[in-house]
Amino acid sequence: MAKTLISEQIADKDRPELSPRSLIRCFGFLGRYTPLVLIGAILCVICVWAEMSLINEIGLLIDRSDLSTTPLWTLAAPFLFYGVINRVCGGTQWLVTVYSTNRATLMLRKAFFNKLQTLSKAFFDNHKIGWLVARNSSDIGRINDFLTYPLMMISIFVTTTVFAISKIIRITPLMLVPVIISMPIFALLTGYYRNRMRRAQRKASEQNSRIVANISETVRGIRVVHAFSREDENFNHFENLNDENRKLNINLARLNGLFMPSLDFIGMLNMSLVVGFSFWLIAQGYKTSSGNPITAGDVAQYVLYMNAILHPLRMITDIYSLSISASAAAERVFEILDITPAIKDKPGATDLPKIKGEINVRDLSFRYNDDQPWVLRDINLQIPAGQTLAIVGETGAGKTTLASLIAHFYEPVSGEISVDGYPLKDVTLKSYHSQLGFVPQQGYLFTGTVMDNLRFTAGNMPEEEIYRRAQELGAHQTILSLPKGYETQVIEGGEGLSLGQRQIIAILRAVLADPQIMIMDEPTSSLDIFHERLVQQALDKISRGRTTIVIAHRLSTVENADQIIVINKHSIAEKGTHTELLEKKDAYYNIYHHSLRNPDIE
Amino acid sequence: MQAFLIDSVHIHDSIIIIDFLHMLYYRRLPLSYWDNIRLILRICLRRRIVLILVIAIAVLGFNILDLAMPKALQLLVASLNNHKLSVLGISLENLITKENRIIFFTLILPVLALLKWVVGYFRGVWEAKLGQGALYDLRNKIFSKVQSLSFAYHDQTHSGRFIANIVEDVGQVSMFFERPFFMILQVLAGLSCIYAFMFTVCWQAATVSLAIMLLFLSTTLLFRRFGYPVYLHARASLETMVSSFSENMEGNLLIRSFGRQEQERDKFADAANDYHNAVMHSRVLWNLLNQSLLWGVFLGIPAVVYVTLKLLQQGQFSSDNIFLIFMLQTAMVMQMRILSRTVDRGVHFSVSAQRLGGLFHVEDYLPDVSDLTTLTGSNDPHPSCLVDLPHGTLELSDVNFAYRGSTAGVNGISMKIEEGQTIGLVGETGSGKSTLALLMCRFYDPDSGSITIGGEDIRHMPVAQLREEFALVFQDTFLFSASIKENISYGKSSASEDEIINAAKLAKSHDFIMEFPEGYDTIVGERGVTLSGGQRQRIAIARAILREPRFLVLDDATSSLDMATEKTIEKSINDLPRSITRIIIAHRFSSIERADMVYVLSDGRVLEQGTPRTLNRPGTEMSRILQLSEDEDKKNNSREDFPSPECGQVGPNDIINC
Ligand SMILES: Nc1ncnc2c1ncn2[C@@H]1O[C@H](COP(=O)(O)OP(=O)(O)O)[C@@H](O)[C@H]1O
Ligand SMILES: Nc1ncnc2c1ncn2[C@@H]1O[C@H](COP(=O)(O)OP(=O)(O)O)[C@@H](O)[C@H]1O
Ligand SMILES: [Mg+2]
Ligand SMILES: [Mg+2]
């Protein structure tokens, strides 16, 4: 099982480590909240200014010679003043920023969801749901963090540095010398650390997603796990993954532990340089810029300012790592936002009017991917309005694929499908899909009651009418036999119902949509023979006046069709009515007669 | 502080420092609140007491070093102003003279920093060891918990949501242990050190500062009271938002084909709005906490300056000490920031701990005798191997079972299945066939009645060993994200390549597998290539065949197969060693015509039983099934010279005579 998890991060490896374009684009999502965010930044500047002013005040205070005579409140008042300003601005700024980014990401989240709604089935074939869920929860969360914090941090950084340096210059520009010396060391160290850290982080997060995937699969496949008593083996495997993860993360902490305090250390070295330098300056009798001798207050201020710069310097690494992770997240999200749906309404696509349901397939070829073999080649097919087409053929022959193409879930690689003479690629998807009823191979039900699922297509149809249709289909009895009848709760896909019950409900759901074209992929495969017959009879009735496409393996479903096609080796091997095909004594004939004879006496 | 930690007997209880201040309030919350937190802490911190102690010492050391820096700066200012130099009342006049002060002050800072680096490094690594160790244990615990919970439990949980929750909650808990857990220690230690220091320098200023601080610190007490429900709501709305999202993706095809995008869009928008509002709500609340803590510090600044200046004017104080007090007071800004962030994480943690605790409290296992032997103190590491599974008849006597929270299930089923027999189960959909199959493999226990093998109740056999004897093909196929090879050998990891290929051939999968460029190494499942429904079913059949079980249970295993393939596979199954007992659930007469015994189920009861032939009497359900199946066959044969179905189906086993 070791190599079994193709984690998404592998694809990420090719990404540039930091993409400024995506990051800038993130800010685009601030939209009408941009002024608020800017106000936040300004408040942040004021807040930092007040904090620095406090330092300034204490420096001034120490040096005052009239301390014992000045009224106390005049000495203490500036501290109160700056303290209050700092808090008022700080608190407001935080709220303003968090509020606007919260709203901005809400919009991004909705845009992301709405985009996904327009993407084709091919997209969902290639992007697993778990992966998409992670984009919605963690990536959008990272973008949110990016919008919230770095701007704040940069404001703090810039304000602090400008303020501190200007103050130091006012004391004496010479005092900047230690800063200039230590800056390159900082830069080098940060650069080195950044690279090592990034690699270690990537490894750790890959391992983490392996673990999540492993838990997730175990939960979803729990029946198989139990049935094949793999618990111990699975646990050992999981423990190994988990242990590896622990080691990687401790390693990460080692790196961090070496680096982060080393910044402090360099900072302190810098500070000692500052102190030594100050002594030296004093000893040399240097004057401040204003011409006075350097005092203890000056040195105290100097030291505090240097200290104040150090803290934001450390923030640079934070900004950097926030940007890295946001950049990767944004790339992934934007990649999806930027997809031109494989299937989308062409500019000038027309709404399909109420259709009769004539379907025409011309020279259709299809494969799922350019590097995969053809699934269908040169399919030609006409279904007159209101008629029934049955598709038969071995599993894996491409029946489902053909049905999905007709439903316009995929775009043909070549060839064309038209309905009532309108090529599908020229009509709006919605106008087509709203006249289509589709029963997928696996009867998927939504969480909710059975009735909720029926209402999905039935809308406000009166209950009596729903019951009547259900009766026609033989579904009414089945549903009533459930513990709570129509109000029985269904969870996730249909758990809690037998597979056949799910299928019946799925068929009923499609029928209630009253579509002009019905496409059913093995709709009765899990039904018992009685229900199958009931459903068939009902469908015979229902399909009158509708174009129906049905995939089936059982002859009884197929024989009444107006037209039957046999798909074999990626193309239509035979086409005709039941009688015609039997007379031909070829593929169709073989499938059924051959299979009904006992293989033992072959 | 230390008395707190050394008391290892009650360590779990006393370690709950994060909510230490909130202890007063917990009585108003459901009692299990603390039970859950205790449980999670126990799992995470057990066997790590030494580590915790070591870290606590490191944190303390770190704090002291942190405070050495303001002191050093105060000495610097004092020295420049030619004041007296002293540390905690000890005079430093001899140590630091006017001549060597330049060396002393340039060296003291790097030395302090170097010490801090060393202490910080070990502290970081140890903290990671603790956090990661906690995470490791927690995850292992959860994984085995999830694996051991009964089916009945899993039936009732929404697996997508379940997974998302586990991931989120485990993340929150481990995030808490990585840092914030010790941050609270750091803050407490830091504040104590700062105040201790301040008190030695100037008790008046310290008192004033502490009074103001405590006033604002009390907001943390209120915070959990008001914050907890808000955080809980935010967490719940995250869950709703994520599951609304994932269900939409899951049913995407249907939504599209029924043109329901708009309604879905509104539904998701509601969930997203709700979530973002809830988050904002919790942020606002937290900001109140953060703000009030910081106000406590910033209002303290003018107060201490005022007090110290007053003392100075009275001649009891020097200006460098004003500077020191100022530095100490501002050092608290950092501590308060950390404190509020810690409380934030702490409340997140307590919300997640509630949820995980809930999971751990679920005692929903299938009772297993091998656990019993372990519990009764057997020294054998593999007590389950002690019992040899008896051979003989699989007998169900008067089995009643209903799914939890439902009335559906099976009622009063009795049957006898001899070794090596082939049994057919037929019946309407929802009649209980799958349920019966699951009961035989003991996925559920009957509510009444018993299932025995060779006279021994299966409840008296170790579950793992019992299941070893069964191979099931479920009605809905699940494949793992692994290679085809690994999927087929899932039930028998020791299988050789040849065995795997042989099983695949029997299940008629070999050919299509070989068409993939990577053959048996092709990855399938969630993250692999997309197989058609019939292809998946065949791999599942191969997986079961490879296991060489005593009981092979096929639950409608060929529903997505075309008839030719179905026939071939039925033949392979028939050709498996005679000793295998086959239990076949099917809808068509042809699939069960070779059965030794057929049971027709209806509404959870056995309606009819007998050999396919004896059942074929007028008026029976079986004859109706046969009738319909025959109709199907007859249509094929009507204009052909094929033998009639009954005769055509004569095989070497001669179950049905013409
Ligand atoms: N989404 C997909 N991506 C890639 N290959 C696919 C996909 N779906 C099906 N296939 C492959 O296309 C072939 C035809 O599949 P399908 O149309 O599902 O067959 P069936 O006739 O059984 O319905 C199979 O070989 C299958 O593995
Ligand atoms: N996990 C479950 N929880 C509750 N009810 C269930 C569950 N699975 C099946 N049922 C109900 O039990 C009855 C028997 O189901 P099942 O054994 O799957 O029927 P089938 O004969 O079609 O295999 C049905 O009415 C079904 O709705
Ligand atoms: Mg198919
Ligand atoms: Mg079933």
Side-chain angles (χ1 to χ4, degrees), chain A residues 4 6 58 62 68 76 79-80 83 87 91 98 102 106 109 113 117 129 133 136 216 219 221 224 227-229 231 238 246 249-250 253 257 261 265 268-269 271-272 275-276 279 296 300 394-396 433-434 438 441 483 491-492 498-501 525-526 528-529 553 556 592 595 598-600, chain B residues 77 80-81 102 105-106 109-110 113 117 120-121 124-125 128 132 136 139 143 147 158-159 163 245-246 249 257 259 261 268 272 276 280 283 291 298 301-302 305-306 313 319 326 406-407 428-430 464 467 472 475 478 482 491 527 532-534 559 562-564 567 571 587 628 632 636 651:
Chain A
T4 57
I6 310 169
I58 194 77
I62 294 174
S68 31
F79 290 91
L80 183 63
R87 276 309 78 219
V98 168
N102 177 295
L106 175 59
R109 195 185 296 283
F113 179 85
Q117 292 266 298
I129 289 156
V133 169
N136 172 44
S216 149
V219 174
V224 183
F228 290 86
S229 20
E231 288 94 331
F238 181 79
R246 174 167 65 169
N249 275 298
I250 292 179
F265 180 64
M268 282 297 181
L269 272 185
M271 194 72 88
S272 74
V275 172
F279 278 112
E394 277 191 33
T395 56
H433 282 154
S434 62
F438 185 74
Q441 202 161 358
I491 56 167
E492 209 178 59
S498 88
L499 216 57
Q501 290 166 338
S525 61
S526 298
D528 62 281
I529 202 155
H553 294 305
S556 50
Y592 289 97
S595 62
N598 197 314
D600 287 352
Chain B
V77 173
L80 284 174
N81 282 349
I102 181 159
F105 284 114
T106 26
L109 290 176
W117 187 353
Y121 171 78
V125 174
Q132 290 298 321
Y136 172 83
R139 275 178 166 162
F143 192 85
Q147 279 204 135
H158 203 297
S159 62
I163 297 157
F245 183 89
S246 78
M249 298 298 121
S257 67
Q261 279 106 325
F268 180 76
H276 280 251
M280 199 56 219
R283 295 298 78 197
Q291 286 310 312
F298 277 89
I301 295 176
V305 168
Y306 186 91
Q313 291 189 345
S319 62
F326 176 83
S406 158
T407 48
E428 286 188 20
T429 178
R467 295 217 181 113
L472 243 143
Q475 207 167 5
F478 184 89
R527 279 169 289 276
S532 83
S559 62
D562 58 284
M563 295 185 86
K567 289 293 145 185
K571 181 176 178 312
H587 294 308
L628 288 171
E632 198 168 289
N636 305 316

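Residue numbering restarts at 1 for every chain, and letters A, B, ... go by the order of the sequence lines.
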Side chain, backbone, both or neither: which part of B:S532 has a heavy atom under 4.5 Å from chain A? side chain
Pick whichever of [options] has the most heavy-atom pairs under 4.5 Å with chain B.
options: A:A76, A:A253, A:G91; answer: A:G91
options: A:V133, A:V224, A:V98; answer: A:V224
options: A:H433, A:Q501, A:R246, A:E394; answer: A:R246

Could you tell me the separation between the [atom1] atom of [X] and the [atom2] atom of [Y], rounded to the nearest 0.5 Å?
X: A:I529; Y: B:H587; atom1: CD1; atom2: NE2; value: 9.5 Å
X: B:Y136; Y: A:I250; atom1: OH; atom2: CD1; value: 11.0 Å
X: B:M280; Y: A:N102; atom1: CE; atom2: CG; value: 5.5 Å

Without swapping roles, check the side chain of A:E231 against the backbone of B:Q147 for a donor-acceptor pair under 3.5 Å. no
Okay, side chain of B:D562, backbone of A:H553: is any donor-acceptor separation there less than 3.5 Å? no
Would you name the heavy atoms of A:R109 and B:A272 that are closest together and state the gap between them? CD-CB, 4.1 Å
Between [options], which residue shows the highest count of heavy-atom pairs closer than 4.5 Å to chain A?
options: B:G430, B:G533, B:G124; result: B:G430
options: B:S559, B:G534, B:A128; result: B:S559
options: B:H276, B:Q132, B:R283; result: B:H276

Check whether A:I58 gets within reach of chain B through its side chain, its backbone, both or neither, counting any heavy atom under 4.5 Å. side chain
Please work out whether the ring planes of B:F326 and A:F79 are parallel, tilted or perpendicular, with thresholds of 30° and 60°. perpendicular
